[in-house]
Amino acid sequence: MFPWSLFPFNKDMKDQMNQMNPKEMDSYIQGMMKKMFPGGWEGMMNPNDMMSGAQSFMNPMGNQGQKSQRGQSSPSTNSISANVFESFEDIYIRFQVPSEEWMKQLKIFHTSNQAIIENIPEKGDRQVITLPCLVKKKGAEAQYKDGILELKIPKSIDMQYTEIDVSDKY
């Protein structure tokens with residue numbers, strides 16, 4: 001038989017709930033939180049930092065000024081600022097190509113884990129972008145619209161792995 005008298009929701013539970021003081025409970029929780037997070041909640045999440053991170057997603061090409069204000073190095077004159085992000089099936093690379101002349105001299109290659117952009121901004125320049133995961137050899141597409149070139153490269157689904165035998169020998 002189940003010992004119903006030891007069940008936590010018994011007759012005395014209502015009396016125990018009525019005797020609790022919400023102020024004491026709040027001060028106890030606040031004290032525990034201060035012990036867990038000594039710096040307090042203020043340092044954990046700054047709303048301005050959160051919004052600046054979202055800004056790069058919402059406006060992928062218009063945030064170069066913010067990066068240099070935050071102490072990060074601004075892109076040099078011989079490199080382009082490219083945004084790399086991934087979906088479930090593809091890797092996307094976006095960067096500005098402001099003139100048609102750049103489009104004519106532009107060459108793009110990719111390996112299984114890098115994208116190589118050549119001849120922009122000047123002929124002979126080369127920029128290598130490391131991709132966040134392995135990609136397929138074929139199936140890449142490029143689309144140019146409103147001064148932004150977007151590369152779409154399909155991810156490689158082939159997970160080549162080998163089992164490692166772990167024996168009981170010491």
Visitor: Are Lys23 and Asp26 packed together at the side-chain level, in the sense that at least one heavy-atom pair is separated by less than 4.5 angstrom?
Guide: no
Visitor: Is there a path of hydrophobic side-chain contacts, each under 4.5 Å between heavy atoms, that joins Tyr28 and Met33?
Guide: yes
Visitor: What do you reckon, is OH of Tyr144 surrounded by more than 12 foreign heavy atoms closer than 6.0 Å?
Guide: yes
Visitor: Test of understanding: clusters of I, L, V, M, F, W, Y form through side-chain heavy atoms closer than 4.5 Å, transitively. Do Val128 and Leu106 belong to the same one?
Guide: no
Visitor: Within a strict 4.5 Å, meaning less than it, do heavy atoms of the Val135 and Pro154 side chains meet?
Guide: no
Visitor: NZ of Lys136 to CD1 of Ile91: how many Å apart, nearest 0.5 Å?
Guide: 12.5 Å
Visitor: Would you indicate whether the side-chain heavy atoms of Glu118 and Asp125 approach each other to under 4.5 Å?
Guide: no
Visitor: For residues Glu86 and Cys133, determine if any side-chain heavy atom of one lies less than 4.5 Å from a side-chain heavy atom of the other.
Guide: yes
Visitor: Where is the tightest heavy-atom contact between Arg126 and Ile116, given as atom of each residue plus distance?
Guide: NE-CG2, 3.2 Å
Visitor: When you compare the side chain of Gln127 with that of Ile80, does any pair of heavy atoms fall below 4.5 Å?
Guide: yes
Visitor: Are any of the side-chain nitrogens in Arg94 or Glu150 under 4.0 Å away from the carboxylate oxygens of its partner?
Guide: yes
Visitor: May I ask you to decide if Gln105's main-chain N or O and Asn119's side chain share a donor-acceptor pair within less than 3.5 Å?
Guide: yes
Visitor: Between Met25 and Asn21, is any pair of side-chain heavy atoms under 4.5 Å apart?
Guide: no
Visitor: State, to 0.1 Å, how close Leu149 and Ala142 come at their nearest heavy-atom pair, and which atoms those are.
Guide: CD1-CB, 4.2 Å
Visitor: Does any part of the side chain of Phe95, heavy atoms only, come nearer than 4.5 Å to the side chain of Leu151, both counted from C-beta?
Guide: yes
Visitor: Step by step, work out the side-chain contact (heavy atoms from CB on, under 4.5 Å) result for Glu89 and Lys155.
Guide: CA-CA 6 Å; Glu89 297 177 354; Lys155 289 183 178 181; 5.9 Å; no
Visitor: Looking at side-chain heavy atoms only, is the closest gap between Ile129 and Val84 below 4.5 Å?
Guide: yes
Visitor: Hey, quick one: are Phe109 and Leu131 part of the same hydrophobic cluster, counting side-chain heavy atoms closer than 4.5 Å, chains of contacts allowed?
Guide: no
Visitor: Nearest 0.5 Å please: distance from the CD atom of Gln143 over to the CD atom of Glu141.
Guide: 8.5 Å
Visitor: Return the OG1 to NZ distance between Thr111 and Lys137, rounded to the nearest 0.5 Å.
Guide: 10.5 Å
